[in-house]
Amino acid sequence: MMRWNCRNRRGALLVDVLIAVFIISVGLLAVLGLFIQVCRNGNELSRHEQAACLALDAMEQWRNLAIEDDSAESLSSVAGSEQLSRDGVIFERVTTYCLRNDLDPQGHLAEVAVLVIWTEGGRQQRYQLLTYFVVDTPLEHLR
């Protein structure tokens, strides 16, 4: 049987400390990597929230216009494209309007779509809202 004495353990404390420092460093690097990923996801979520707000704003404008004047000509005049800047990011908001004769042969159902496009991290991102409006007739006359 071999017995350990102080002479055989020389330098062991230094090795133990180096191993502990290595393990702690790996753990801290993992936590730092998670923190960076959370920050990226938070920024991406913020951009999606801004896009949703821009799309909702356009839908509210359409709704208000439809309340004032529900004619197809009035609603179709608002369709188009515009660029908006929020927090250094350029968003393109495209609104489209079309009568859905396939859903209502009398031509009283209009589809309104708002598409918000922006570039983030070299990739194009999109957010779209779609809704329907009754035009040129009271709602109760729509089949």
Side-chain angles (χ1 to χ4, degrees), residues 1-105 107-137 139-140 142-143:
M1 230 175 166
M2 188 172 178
R3 293 177 58 186
W4 291 93
N5 60 28
C6 289
R7 287 185 183 163
N8 292 339
R9 294 271 306 156
R10 269 196 180 160
L13 181 61
L14 179 62
V15 171
D16 291 345
V17 169
L18 288 175
I19 291 172
V21 167
F22 174 75
I23 291 171
I24 290 172
S25 298
V26 168
L28 288 175
L29 285 175
V31 169
L32 180 64
L34 285 173
F35 180 74
I36 290 171
Q37 187 65 32
V38 165
C39 289
R40 283 186 191 148
N41 289 345
N43 288 338
E44 186 176 327
L45 182 61
S46 174
R47 300 288 185 258
H48 279 272
E49 182 182 11
Q50 289 171 340
C53 287
L54 290 172
L56 285 171
D57 181 51
M59 280 295 180
E60 282 296 313
Q61 291 173 9
W62 279 87
R63 188 181 69 81
N64 291 337
L65 182 62
I67 289 171
E68 294 171 13
D69 180 7
D70 68 349
S71 69
E73 293 82 28
S74 172
L75 291 174
S76 65
S77 68
V78 183
S81 177
E82 61 184 325
Q83 285 193 344
L84 305 159
S85 178
R86 299 287 190 271
D87 296 333
V89 176
I90 295 178
F91 295 90
E92 182 179 3
R93 181 168 62 186
V94 180
T95 56
T96 57
Y97 170 88
C98 68
L99 291 175
R100 292 297 305 263
N101 294 326
D102 57 331
L103 299 176
D104 177 38
H108 298 297
L109 190 63
E111 178 181 280
V112 175
V114 178
L115 175 65
V116 179
I117 304 168
W118 73 100
T119 302
E120 184 173 355
R123 296 179 309 164
Q124 190 179 60
Q125 303 287 327
R126 310 176 124 222
Y127 186 89
Q128 184 174 17
L129 285 180
L130 180 70
T131 193
Y132 296 92
F133 287 101
V134 176
V135 294
D136 295 330
T137 188
L139 183 60
E140 58 269 7
L142 188 66
R143 65 177 171 97

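Computation of the quantities below employed the complete heavy-atom set of this structure, encompassing side-chain atoms and omitting hydrogens, waters and symmetry-equivalent molecules.
For the atom pair H48 NE2 and N41 CG, the distance stands at 10.0 Å (nearest 0.5 Å). The CG atom of L28 sits 13.5 Å away from the CZ atom of F35 when rounded to the nearest 0.5 Å. The structure places CG of L34 at 11.0 Å from CG of L29, a figure rounded to the nearest 0.5 Å.
Pairing each heavy atom of A55 with each of V114, the nearest pair is CA-CG1, 3.7 Å. Closest heavy-atom contact between L99 and A110: CD2-CB, 4.0 Å. Here the shortest heavy-atom pairing between I90 and W118 reads O-CB, 3.6 Å. When all heavy atoms of A113 and Q128 are compared, the closest pair comes out as CB-NE2, 3.7 Å. V112 approaches M59 most closely through the heavy-atom pair O-CE, 3.5 Å. Taking each heavy atom of E111 and Y132 in turn, the nearest pair found is OE1-OH, 3.0 Å.
Side-chain atoms of D57 do not come within 3.5 Å of backbone N or O of C53 as any donor-acceptor pair. Side-chain atoms of T119 never come within 3.5 Å of backbone atoms of Q124 as a donor-acceptor pair (strictly under, hydrogens ignored). Here the side chain of S25 pairs a donor or acceptor atom with the backbone of V21 at under 3.5 angstrom.
Counting non-hydrogen atoms of other residues, nucleotides and ligands closer than 6.0 Å to CZ of R100 gives a total above 12.
Side-chain contact check for L54 versus R86: some heavy-atom pair is nearer than 4.5 Å. R93 has its side chain within reach of L84: a pair of non-hydrogen atoms, C-beta onward, lies under 4.5 Å apart.
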Go through the steps for R47 and E44 under the test salt bridge (Lys or Arg N to Asp or Glu O under 4.0 Å), then give the verdict.
-> CA-CA 5 Å; R47 300 288 185 258; E44 186 176 327; over 6 Å; no
